[in-house]
Chemist: 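Next up is a structure, given as structure tokens.
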Amino acid sequence: MIKVHFNKKYTKESNRIMDTEVIATSAVKRSVSVTDYLSPYINERDKEPIWDGSIYVFSKPSKLNKFCKGRVPVQVKGKESKDLSNNTITYPIRTDDLRKYLTENGVIYFVVYVAIDGSTRIYYTNLLPFKIKQLLNDAGKQKTKSVLLTLFPTDKTEKVDLFINFLHDRERQKSVSNIELMSVEQLEKMGQLKELSFGFTSTRKDIHLPFDYFFNHSFYIYATIQLGIKVPVRLMDKIISAGTTIDKPISCNGKEYYSSYGVVHKKDFYEFHFGESTIFEVKKDTNNCTMKFNLQGTLRQQITDQTFFIEMIKSGFITVGEVVFQTKTKNVEEIECSIHECKEHLEYLKNVRAALDEAGVKDDDLDCYALSDTDEVNLRILVDTFVHHKAVSFGESTIEPVGKMTIANLCIMLIARKQENGLYRLSNFFNDHITVRVEDKENDIFDTSQFVIMNKENFLILSNINYDAIYNDVVKVVGNKAYYEQITNLLLNMLLAYDVGGSKNEKLLNAAYKIAKWLLMLLDDKDDIQIRLLNYLQTVKRSRDFNEDEKKQLYSVIESGNAADAILIGAYILLGNTSGAKLHYDKLSPEEQDNFSNYPIYNLWNKV
């Protein structure tokens, strides 16, 4: 049944109000009745509860009871209006009514604009449980909530699909009425999210691809949680584009450039993406194809994309999977000029990559999008140094013998040797040796490793670290007690960097383990054996659980009777004994506690 409410702005005569009611209700019934699968049961001037008006949905045009798929409650509002030109309107709905609709698991809400000459324009919104809960949450303590309504479709199939999908979504959203809405992020945090899904049902036979539907219709995304239950997590408006990845190789002249390619569906055309820079745009109605090339991505990606583009233009063909596509173009002179420019730029990109390789940047790739003018200057300095083997100038700047060069997302540690002519010869800090001699507390001079100058920040930001070079240099120095203290400090900085890094650097941890083990195995230094044991074991702890022998060593430290409180705290932390660690931690002075909290072993303390 339907209860119709009217705006009395234009007239006060009761017969005019009643006419508007009849016109509004009749307009909805007439629009629905022209379809083969929908039957309206809407009583005019009805005084029953607001959700009693219904439209029945059938799976076959015969509309027999056995083919009835379900009943959709409807609500109609009539409103006189001089303007019937808008495609969307907003309309206030009482929050008390929204709560009543929720008990019915939703309603399709109509507002019919009626002109003075009796012409109409029908607007609607699907009020399903998820959307109703969102509206009530947004409304708070307000008595009404303004809701956006869109033009009711005129196409028969569109009308039928609207009601069919309402039934399907209502069935999936029944549980929402009694629970709080959850976002994807909340479900992920709770460990409840198994998968996301979305879909639609249509009686239309001319939908060639599912994406075509989503360009013109809103839809719900559902999360599958534990026990296979699906809950709505988001109402999506019409999408602008939808993409997928096809796992088929892309090759040219027998060379494979990409193992997959992307397909982006848009309303009027498709885009085929090869790498980061090449796009083929195909119009849906004409199949006309336009090729676009805009160099994007990291340095390695740009080198691949540039090479692929040049070879594709030269050959006129590419192979996608096992299918060959022609890529020839009519603008020969323009293309030849473009290829010449591309080749020059490709040569520069390759020189930059070669320079970075020589500088020790192996794993990280250069983010070309983030390059500044200063970065471009530094790149040319690296190319001159490592590719053309030239001495370089830094103008009036004072250059330290060892320093860092930052280029976009990369940070490179270099050695700079000043020449007699004022120019500098640069080299990779991790691939070149410099003699370092320092003075200990007794004013004795001793040799040390060049890598003892590295701190936690260096291990976090440097892009050209060579961990093998660090270890090999550390162990070849004939050391003394002061040297071993320097290496211990280096080890602690490595562990601190490992702990704070966003993604765990296993190469860093492995290098720290090798250094910690080397320190532990030193035969000529029995001093500080407990410290070296704890440092070795805390390194082990970061990669695996202790074996029985390692646990016994920690208990031996605790039971030795000569261990300092800081040592005992560390032993208890490694054994997972929070109470024991806290007992001795409380014995430290505030200054000692502050110092201890800066040690990497403190990061392993799982405080209660």
Side-chain angles (χ1 to χ4, degrees), residues 1-10 14 17-18 20-29 31-32 38 40-57 70-81 86 88-114 120-152 159 162-163 165-167 169-181 218 220 232 235:
M1 297 295 181
I2 296 180
K3 185 165 183 146
V4 186
H5 296 264
F6 306 96
N7 189 304
K8 301 182 180 181
K9 180 177 180 180
Y10 302 112
S14 61
I17 296 175
M18 192 57 65
T20 304
E21 174 186 351
V22 173
I23 293 171
T25 307
S26 297
V28 174
K29 292 171 66 176
S31 181
V32 171
L38 304 177
Y41 286 83
I42 304 174
N43 296 319
E44 297 166 359
R45 306 185 185 95
D46 192 72
K47 303 300 181 181
E48 295 299 317
I50 58 176
W51 54 81
D52 283 345
S54 302
I55 292 174
Y56 288 81
V57 184
R71 176 182 66 88
V72 177
V74 294
Q75 167 78 65
V76 177
K77 301 284 185 179
K79 179 179 179 180
E80 294 185 13
S81 177
N86 294 322
T88 61
I89 62 169
T90 57
Y91 194 85
I93 301 178
R94 288 171 53 85
T95 52
D96 285 345
D97 289 344
L98 288 173
R99 294 185 182 92
K100 292 174 183 177
Y101 301 148
L102 194 58
T103 64
E104 186 73 9
N105 291 314
V107 65
I108 293 184
Y109 196 97
F110 290 98
V111 173
V112 181
Y113 273 19
V114 181
T120 60
R121 198 165 177 86
I122 305 173
Y123 301 91
Y124 83 101
T125 183
N126 285 346
L127 293 179
L128 284 154
F130 182 86
K131 186 172 182 178
I132 294 174
K133 297 274 282 194
Q134 282 188 323
L135 292 172
L136 290 172
N137 289 341
D138 292 342
K141 297 182 179 180
Q142 299 175 29
K143 292 185 177 181
T144 62
K145 174 62 179 174
S146 291
V147 179
L148 179 70
L149 291 88
T150 57
L151 196 63
F152 190 62
K159 297 175 186 178
L162 188 156
F163 283 88
N165 283 290
F166 180 93
L167 290 175
D169 284 314
R170 183 178 67 180
E171 185 65 27
R172 290 183 172 186
Q173 297 186 25
K174 284 183 177 179
S175 61
V176 174
S177 301
N178 302 314
I179 63 174
E180 291 297 321
L181 299 181
S218 60
Y220 283 92
L235 173 59

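When a residue number appears, it is its place in the shown sequence, counting from 1. In what follows, every heavy atom counts, from backbone to side chain, and hydrogens, waters and symmetry copies are set aside.
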Chemist: Which residues pass the side chain to side chain contact (heavy atoms under 4.5 Å, CB included) test with T90, sequence neighbours left out?
Modeler: L148
Chemist: Between E104 and R71, which heavy-atom pair has the shortest distance, and what is it?
Modeler: OE2-NH2, 2.6 Å
Chemist: Atom NZ in K100, atom OG1 in T95: separation rounded to 0.5 Å?
Modeler: 10.5 Å
Chemist: Please walk me through it: do V28 and V74 pass side chain to side chain contact (heavy atoms under 4.5 Å, CB included)?
Modeler: CA-CA 10 Å; V28 174; V74 294; 5.9 Å; no
Chemist: Take Q173 and N105 through the test side chain to side chain contact (heavy atoms under 4.5 Å, CB included) and record every step on the way to the result.
Modeler: CA-CA 8 Å; Q173 297 186 25; N105 291 314; over 6 Å; no
Chemist: Under a 4.0 Å N-O cut-off, is there an ion pair linking R172 with D169?
Modeler: no
Chemist: Hey, could you give me the CZ/CZ distance between F152 and F110, rounded to the nearest 0.5 Å?
Modeler: 4.5 Å
Chemist: Under the ring-ring contact (aromatic ring centres under 6.0 Å, His included) rule, collect the residues that match up with F166, sequence neighbours excluded.
Modeler: none
Chemist: Could I get the full list of ring-ring contact (aromatic ring centres under 6.0 Å, His included) partners for Y109, not counting sequence neighbours?
Modeler: none
Chemist: If you look at every heavy atom in V112 and A24, which pair is closest and at what distance?
Modeler: CG2-O, 3.7 Å
Chemist: So, for P73 and S54, which heavy atoms are closest and what is the spacing to 0.1 Å?
Modeler: CA-OG, 4.2 Å
Chemist: I need the minimum non-hydrogen distance between Y124 and L151, along with the two atoms involved.
Modeler: CE2-O, 3.6 Å
Chemist: Working to the nearest 0.5 angstrom, can you tell me the gap between L38 CG and F163 CZ?
Modeler: 6.0 Å
Chemist: In residues 126-139, what donor-acceptor pairs under 3.5 Å come from side-chain atoms, sequence neighbours left out?
Modeler:
{"from": "K131", "atom 1": "NZ", "to": "T125", "atom 2": "OG1", "distance (Å)": "2.6"}
{"from": "K133", "atom 1": "NZ", "to": "I179", "atom 2": "O", "distance (Å)": "3.0"}
{"from": "N137", "atom 1": "ND2", "to": "K133", "atom 2": "O", "distance (Å)": "3.2"}

Chemist: Using 0.5 Å steps for rounding, measure from the CG atom of L149 to the NZ atom of K77.
Modeler: 11.5 Å
Chemist: State, to 0.1 Å, how close I122 and A27 come at their nearest heavy-atom pair, and which atoms those are.
Modeler: CD1-O, 3.5 Å
Chemist: Looking at side-chain heavy atoms only, is the closest gap between I93 and Y101 below 4.5 Å?
Modeler: yes
Chemist: For T20 and G78, work out which heavy atoms get closest and say how close.
Modeler: CG2-C, 4.5 Å
Chemist: Can you sort out the partners of S146 under side-chain hydrogen bond (donor to acceptor under 3.5 Å, both in side chains), two or more places apart, ordered by chain and number?
Modeler: none
Chemist: Residues in side chain to side chain contact (heavy atoms under 4.5 Å, CB included) with T144, at least two apart?
Modeler: P92, R94
